[in-house]
There are 2 protein chains.
Amino acid sequence: MGISERKEREKAELRQLILEGAMEVFLEVGFENTSIRKIAERIEYSPGTIYVYFKDKDEILHELHHTAFDRLMEVMEKTAVHAEPIDQVYAIGENYITFALENPQLYELMFVLRAPMKAINPECEWEDGWRTYNYFKSVLIKAVEKGQLKLVDPEVLCVTFWAAVHGLVTLYLRERFHNLPQDQVEPLMRHSLRELVKQYQSPPNH
Amino acid sequence: MGISERKEREKAELRQLILEGAMEVFLEVGFENTSIRKIAERIEYSPGTIYVYFKDKDEILHELHHTAFDRLMEVMEKTAVHAEPIDQVYAIGENYITFALENPQLYELMFVLRAPMKAINPECEWEDGWRTYNYFKSVLIKAVEKGQLKLVDPEVLCVTFWAAVHGLVTLYLRERFHNLPQDQVEPLMRHSLRELVKQYQSPPNH
DNA sequence: TGCATTTTTGAACACTGTTCAATATATTTG
DNA sequence: CAAATATATTGAACAGTGTTCAAAAATGCA
């Protein structure tokens, strides 16, 4: 029976079409203005159809958040070209900021908005987030083992660095750096990050 | 003419009543579920009345955000009991985290949500935020001058510390620390902060 | 009391996420 | 091929949202 296989394929294709339309609308008009009706109109289906393929809007946003993580992971893995872990730490931080500033909507979906998290089973893990977290932590551990970072608990290091860059980009994206001269904000953010990592670097031993 | 004075007083009182009702509803049901109709119902007026006293919903949220800053400012100023600026830096950081965790709704209004910022004239300054920012910066400057913090540009110090604690609490409030053992998250956050400030402290001279 | 102002109202508009009986299409059976 | 069945899609309906504005109610003044 090749028919049921074709049907499954078609279902998967329509599901994908919905996600693509959703991503287009989302990137164009932002989270607050993305509606099911707009997505439906974009792909020329009725609003009701979308609910055959997705439980609710949160599930759609969770899927978009998932593909966003794939992109961030790519950006992070590119830093593996650096031979020294400490150089990779700097590179990950810089790329993280760049990613957030270049993809503000995606960034908010991944780390700010509540919606995509609501689609996650409370028991279950936040796999997407954890993948990137653990990648970064593994680099930090290597840097500590090589004596390039001070002997601080890697969990603490990881949370601190992550929170710092997350804080920088979200304060910026949500316009809380409004009073700083706008053309100096991005350099300031990047300077802040470099200085931060520097403070945690091991001092040259005598 | 005492009548027009009384009328003005009554108008101010109703405005205040709306804000109090709005704050009640907001704290009870959160930002996403706060509606003009619910506020109106709470104070037993019709929805239309609210629009006589406020331009739109954002203006109401901006007012709430304003009183929230008054509370945070109180909490910060209490740290002035510390004689040494460096002690005050630690205390401000700790109180900031405590404030955010005890008043999550208010915190999001102040530093996360877009709504209250939309009510601000784009030309104008974000006074509420700037008041607290400058207070913190002045303490940092004192700590640097006293040789308690390393000679880092106070602006960089200020942005870094602020971003770090903001990052910690927002990742927590938006459930991005979901995978960490929940009972260890708050201690971890506070540990992260202490370690951070420690790194920026001046080494003992000679 | 009658008139003029001010204040308050609530229906109406255009949206939102979501549901579900009815319709349309596609597949299988006789 | 035609009828019956199964699947897919629809769009009206529901309860909610922020906001507006003509009408109604309340108040002040002569």
Side-chain angles (χ1 to χ4, degrees), chain A residues 1-19 21-23 25-26 28-65 109 113-119, chain B residues 1-19 21-23 25-26 28-65 109 113-119:
Chain A
M1 286 275 155
I3 285 180
S4 66
E5 287 164 20
R6 193 207 63 205
K7 283 228 170 185
E8 263 193 50
R9 202 172 59 237
E10 281 176 354
K11 281 192 83 165
E13 276 170 11
L14 182 45
R15 198 186 140 93
Q16 195 53 41
L17 183 69
I18 293 170
L19 287 177
M23 183 64 98
V25 173
F26 180 77
E28 278 172 31
V29 305
F31 167 74
E32 284 165 329
N33 300 309
T34 298
S35 72
I36 298 291
R37 281 173 181 81
K38 278 182 195 159
I39 297 170
E41 197 179 8
R42 168 71 54 117
I43 59 171
E44 295 175 300
Y45 276 82
S46 90
T49 305
I50 290 177
Y51 284 86
V52 178
Y53 294 83
F54 296 94
K55 190 177 135 285
D56 56 18
K57 196 183 173 184
D58 291 343
E59 194 173 310
I60 298 175
L61 291 169
H62 178 77
E63 287 296 312
L64 298 188
H65 136 290
L109 208 48
L113 299 179
R114 286 227 166 76
M117 303 303 273
K118 285 190 216 153
Chain B
M1 287 272 158
I3 284 177
S4 66
E5 288 164 19
R6 192 207 63 204
K7 284 226 167 183
E8 265 192 49
R9 201 172 58 236
E10 281 175 353
K11 282 191 83 164
E13 276 169 10
L14 182 45
R15 199 186 139 92
Q16 195 53 41
L17 183 69
I18 293 169
L19 287 177
M23 184 65 97
V25 173
F26 180 77
E28 278 172 32
V29 305
F31 167 74
E32 284 165 329
N33 300 311
T34 298
S35 72
I36 297 291
R37 281 173 181 81
K38 278 182 196 159
I39 297 169
E41 196 178 7
R42 169 70 53 114
I43 59 172
E44 295 175 301
Y45 276 82
S46 92
T49 307
I50 290 177
Y51 284 86
V52 178
Y53 293 83
F54 296 93
K55 190 178 137 285
D56 55 19
K57 196 184 174 184
D58 291 343
E59 194 173 311
I60 297 175
L61 291 169
H62 179 77
E63 287 296 311
L64 298 188
H65 136 291
L109 208 48
L113 299 178
R114 287 228 164 75
M117 302 304 273
K118 286 190 215 152

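Because the structure is predicted, anything quoted here is derived from the model rather than measured. Just so we're on the same page: letters track the sequence lines, and every chain starts at 1.
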Without decimals, in angstroms, what is the distance between [X] [atom1] and [N] [atom2]?
{"X": "Lys11(B)", "N": "dT8(C)", "atom1": "NZ", "atom2": "C1'", "value": "12 Å"}
{"X": "Glu8(B)", "N": "dT7(C)", "atom1": "CD", "atom2": "C1'", "value": "15 Å"}
{"X": "Ile50(A)", "N": "dG11(D)", "atom1": "CD1", "atom2": "P", "value": "13 Å"}
{"X": "Phe31(B)", "N": "dG18(D)", "atom1": "CZ", "atom2": "C1'", "value": "12 Å"}
{"X": "Ile39(B)", "N": "dT19(D)", "atom1": "CD1", "atom2": "P", "value": "11 Å"}
{"X": "Glu41(A)", "N": "dA14(C)", "atom1": "CD", "atom2": "P", "value": "16 Å"}
{"X": "Ile18(A)", "N": "dA8(D)", "atom1": "CD1", "atom2": "C1'", "value": "12 Å"}
{"X": "Tyr45(B)", "N": "dT9(C)", "atom1": "OH", "atom2": "P", "value": "7 Å"}

Exercise. With nearest nucleotides of DNA chain C determined for Ser46(B) and Glu10(A) from heavy-atom distances, which residue corresponds to the more 5′ nucleotide?
Worked result: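 Nearest-nucleotide comparison on DNA chain C picks Ser46(B).
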Between the protein and nucleotides 17-23 of chain C, which nitrogen or oxygen pairs are less than 3.5 angstrom apart?
residue	atom	partner	partner atom	Å
dG17(C)	OP1	Thr34(A)	O	3.4
dG17(C)	OP1	Ile36(A)	N	3.3
dG17(C)	OP1	Lys57(A)	NZ	2.9
dG17(C)	OP2	Ile36(A)	N	3.0
dG17(C)	N7	Arg37(A)	NH1	2.7
dG17(C)	O6	Arg37(A)	NH2	2.8
dT18(C)	OP2	Tyr51(A)	OH	2.5
dT18(C)	OP2	Lys57(A)	N	2.9
dT18(C)	O5'	Tyr51(A)	OH	3.2
dT18(C)	O4	Arg37(A)	NH2	3.3

Problem set entry | Salt bridge flag under 4.0 Å for residues Arg6(B) and Glu10(B) |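 Answer for the salt bridge query: yes.
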Problem set entry | Comparing Lys38(B) and Glu44(A) on DNA chain D - which has the more 5′ nearest nucleotide |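 Here Glu44(A) is the residue nearer the 5' end.
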Exercise. If you pin Asn33(B) and Lys7(B) to their nearest nucleotides in DNA chain D, which one's is more 5'?
Worked result: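 On the 5' side of the pair lies Asn33(B).
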Exercise. With distance as the sole test, does Thr49(B) use its side chain to make a donor-acceptor pair with the main-chain N or O of Tyr45(B) at under 3.5 Å?
Worked result: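 Such a contact is absent between Thr49(B) side chain and Tyr45(B) backbone.
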Shortest non-hydrogen contact from [X] to [Y]?
{"X": "Ile18(B)", "Y": "Ile50(B)", "value": "CD1-CA, 4.1 Å"}
{"X": "Leu64(B)", "Y": "Leu19(B)", "value": "CD2-O, 3.7 Å"}
{"X": "Arg42(B)", "Y": "Gly21(B)", "value": "CG-CA, 4.1 Å"}
{"X": "Ile60(A)", "Y": "Ala22(A)", "value": "CG2-CB, 3.7 Å"}

Problem set entry | Inter- and intrachain pairs under side chain to side chain donor-acceptor pair (under 3.5 Å), touching residues 52-65 of chain B, at least two apart |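 Of all non-adjacent pairs touching residues 52-65 of chain B, those that pass side chain to side chain donor-acceptor pair (under 3.5 Å) are His65(B)-Trp126(B).
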Exercise. Contact class for Leu14(A) vs. all strands (heavy atom < 4.0 Å): base, sugar-phosphate, or nothing?
Worked result: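 Sugar-phosphate, backbone atoms only, no base.
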Exercise. Quick one: is Tyr53(A) getting a side-chain N or O under 4.0 Å of the dT9(D) phosphate, OP1 or OP2?
Worked result: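 Yes.
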